[in-house]
Trainee: 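If you scroll down you'll find the structure; I have some questions about it.
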Amino acid sequence: MIKVGVLGARGRMGSEVCRAVEGADDMELVAAVDEGDDREPLTGAEVVVDFTHPGVVMDNLRWCVQHGLHAVVGTSGFDASRLDAVRAWQAEYADVSGNVLIAPNFGIGAVLMMHFAEKAAPFFESVEIVELHHPKKVDAPSGTAYRTAEVVAEARAKAGVPASPDATTSELDGARGTDVGGVRVHAVRLSGLIAHQEVLLGGHGEVLTVRHDSMNRESFMPGVLLGVRKVADLPERLTVGIESLLGL
Ligand code: NAD
C-alpha cells in the first residue's frame, strides 16, 4: 500500500484526488490537508499530491523536499525559474529529498494531444493555440497551453521552420493573444467549460486541428494515480510531465 497525503484536499481537484486514492486498491489516504491546516500529518505519507494554488505551491514543495516526501504536483505556474528552485532545494537537502513529479496536465488524452501537436509542428508554417477553461481558473494561459507552446516551438526550431506568417501591424491590446516562444496562445474563460484546448496548425490549403476536451475532473485521475505509483522509481529527482511514464 502506498501511503498518500493530499494538499489542497478540499479544492476541486484535491477532493477528486482524495476520492481516487480512497478508491485505489494499492493506496491509503493518510492525510488530507487544506489551507490553514497543520501539514504535520503529511509526514506519515510516502507520496504527497499537491493541487493548491500557484501562490502557495512553492512553499509546500520546499516543505515536502525538506521532509523527504515524494511529491506529485498538478498545481500550475511552473516556469524555468521555479523548476530551478526545486532542483536547488533537492541539491540542498540531497540526503533526505524524495523525487518530484510536476505535470502541467495529468490527462492522458491531453498529454497525447501535446505529443501529436509536437509531432505535427514541423510540417506546418503556422501554429496557434486556443485554450478554453471555466471562469474560476486564476492563471492564464493554462500550464498545459504554455507547455504545448514550448514543445511546439522547440520542434519548429529544431526543424528550421521560420516564424508563423503574420501581417498584423496594428491591434487592440491582447487581440493576438500572448507570445510563448513565438507561438501565439489565446485564453478563453467561459461559464460551462471545464478544460479544453485546440492546437491549430496551418499549411498550404489545409488546417490540422488537434483538440482535447476534458469533460470532468475525474479525467485527470488515471494520470495522477500513475504518478503516485511511479514517482518513487523515477530515474530523475525532478521529472516534468507524465510523458516518460507513458513511454512517449
Ligand atoms: P481550487 O481553488 O478548487 O483548490 C485549491 C485548494 O487549495 C483550495 O481548497 C484551497 O483552500 C487550497 N489551498 C490554498 N492554499 C493552501 C495551502 N497553503 N495548503 C494547502 N491547501 C491550500 O483549485 P483547483 O481547481 O482544484 O485547481 C488547483 C490547481 O491545480 C490549479 O493550479 C489548477 O490550475 C491546477 N490544475 C492542474 C491540473 C493538471 O492536470 N495538472 C488539472 C486541473 C487543475
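Computed over heavy atoms, backbone and side chain alike; hydrogens, waters and symmetry mates excluded. Counting starts at 1 for both ligands and their atoms, following the listed order.
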Trainee: Measure across R229 and A24 and return the closest heavy-atom pair with its distance rounded to 0.1 Å.
Mentor: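 Heavy atoms of R229 and A24 come nearest at NH2-CB, 4.1 Å.
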Trainee: Check T52 against ligand 1 and report side chain, backbone, both or neither, counting heavy atoms closer than 4.0 Å.
Mentor: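 Under 4.0 Å from ligand 1, T52 contributes backbone and side-chain atoms.
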Trainee: As an exercise, identify every atom of ligand 1 less than 4.0 angstrom from a heavy atom of K137.
Mentor: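 Near K137, the atoms of ligand 1 are 34 (O).
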Trainee: How about M113 and R211: do any of their side-chain heavy atoms sit closer than 4.5 Å?
Mentor: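 No, their side chains stay 4.5 Å or more apart.
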Trainee: Any salt bridge linking E22 with R19? Criterion: basic side-chain nitrogen under 4.0 Å from a carboxylate oxygen.
Mentor: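 The answer is no: the pair does not qualify as a salt bridge.
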Trainee: Going by the atom numbers of ligand 1, which of them fall below 4.0 Å from some non-hydrogen atom of G11?
Mentor: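 Answer for ligand 1: 3 (O), 4 (O), 6 (C), 8 (C), 9 (O).
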Trainee: So, do T148 and V183 sit near enough that their side-chain heavy atoms are less than 4.5 Å apart?
Mentor: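 Not touching, per the 4.5 Å side-chain cut-off.
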Trainee: Please check this pair: side chain of H70 against backbone of V47, looking for a donor-acceptor N/O pair closer than 3.5 Å.
Mentor: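 Side chain of H70 to backbone of V47, a donor-acceptor pair under 3.5 Å: no, none is there.
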Trainee: Below 3.5 Å, N or O to N or O, backbone or side chain included: is there any such pair between F106 and ligand 1?
Mentor: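 N/O-N/O distance under 3.5 Å: yes.
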Trainee: In the protein, what heavy atom is nearest to atom 2 (O) of ligand 1, and what distance, to one decimal place, separates them?
Mentor: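 Heavy-atom neighbour on the protein nearest atom 2 (O) of ligand 1: R12 NH2, 3.8 Å.
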Trainee: Just distances here: any N/O of H134 and N/O of ligand 1 closer than 3.5 Å?
Mentor: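 H134 vs ligand 1: no N/O contact under 3.5 Å.
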Trainee: Looking only at protein heavy atoms, which one is nearest to atom 39 (C) of ligand 1, and what is the separation?
Mentor: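 Scanning the protein heavy atoms, the shortest distance from atom 39 (C) of ligand 1 goes to P104 O, 3.5 Å.
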Trainee: Would you please determine whether E16 falls within less than 4.0 Å of ligand 1 on a heavy-atom basis?
Mentor: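 No, E16 has no heavy atoms under 4.0 Å from ligand 1.
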Trainee: Considering only heavy atoms, which of S76, G143, G77, A195 lies nearest to atom 34 (O) of ligand 1?
Mentor: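 Residue with the shortest heavy-atom distance to the ligand atom: S76.
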Trainee: Could you see which bit of H53 sits under 4.0 Å from ligand 1, with heavy atoms only: side chain, backbone, both or neither?
Mentor: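 Neither; no heavy atom under 4.0 Å.
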Trainee: Quick one: closest heavy-atom pair of G203 and F124, and the distance?
Mentor: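 Between these two residues, the closest heavy atoms are N-CD2, 3.6 Å.
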Trainee: Where on F51 is there a heavy atom closer than 4.0 Å to ligand 1, on the side chain, on the backbone, on both, or on neither?
Mentor: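 For F51, the contact with ligand 1 is made by both the backbone and the side chain.
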Trainee: Checking H186 against E128: is there a side-chain donor and acceptor pair closer than 3.5 Å?
Mentor: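 Per modelled atom types, E128 and H186 side chains form a pair under 3.5 Å.
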Trainee: Need the ligand 1 atom indices (1-based, order shown) with element for anything under 4.0 Å from a heavy-atom of V56.
Mentor: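 Going through ligand 1 atom by atom, the ones under 4.0 Å from V56 are 15 (N), 16 (C), 17 (C), 18 (N).
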Trainee: N105 heavy atoms, cut-off 4.0 Å: which ligand 1 atoms fall inside?
Mentor: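 Once the distances to N105 are compared, the set is 39 (C), 40 (O), 41 (N).
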Trainee: Do you see a donor-acceptor pair shorter than 3.5 Å between the side chains of H196 and E198?
Mentor: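 H196 vs E198: no donor-acceptor pair found between side chains.
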Trainee: With atoms numbered from 1 as shown, which atoms in ligand 1 lie under 4.0 angstrom from a non-hydrogen atom of G74?
Mentor: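 Those atoms are 30 (O), 35 (C), 36 (N), 37 (C), 38 (C), 39 (C), 41 (N).
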Trainee: Tell me whether ligand 1 is touched by R10 - counting only heavy atoms on the residue side and a distance under 4.0 Å.
Mentor: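 The answer is yes: ligand 1 sits under 4.0 Å from a heavy atom of R10.
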Trainee: Just by distance, no angles: are the side chains of D166 and S164 close enough, under 3.5 Å, to form a donor-acceptor pair?
Mentor: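 No - no donor-acceptor pair under 3.5 Å links their side chains.
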Trainee: Tell me whether M13 has any N or O atom under 3.5 angstrom from an N or O of ligand 1.
Mentor: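 The answer is yes, given that M13 and ligand 1 share an N or O pair closer than 3.5 Å.
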Trainee: Among all protein heavy atoms, pick out the one at the shortest distance from atom 11 (O) of ligand 1; state its residue, atom name and that distance to 0.1 Å.
Mentor: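 Of the protein heavy atoms, D34 OD1, 2.4 Å lies nearest.
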Trainee: Side chains of V73 and L61: does their closest heavy-atom pair fall under 4.5 Å?
Mentor: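 Side-chain contact under 4.5 Å: yes.
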Trainee: Less than 4.0 Å between a side-chain N and a carboxylate O, is that true for R10 and D37?
Mentor: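 A salt bridge is present here (some side-chain N lies under 4.0 Å from a carboxylate O).
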Trainee: Ligand 1 and A103, any nitrogen or oxygen pair closer than 3.5 angstrom?
Mentor: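 There is such a contact, yes.
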Trainee: What about E35: any of its N or O atoms under 3.5 Å from an N or O on ligand 1?
Mentor: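 It does: an N or O of E35 is found under 3.5 Å from an N or O of ligand 1.
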Trainee: How about C64 and R39: do any of their side-chain heavy atoms sit closer than 4.5 Å?
Mentor: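 SC-SC contact between C64 and R39 ruled out.
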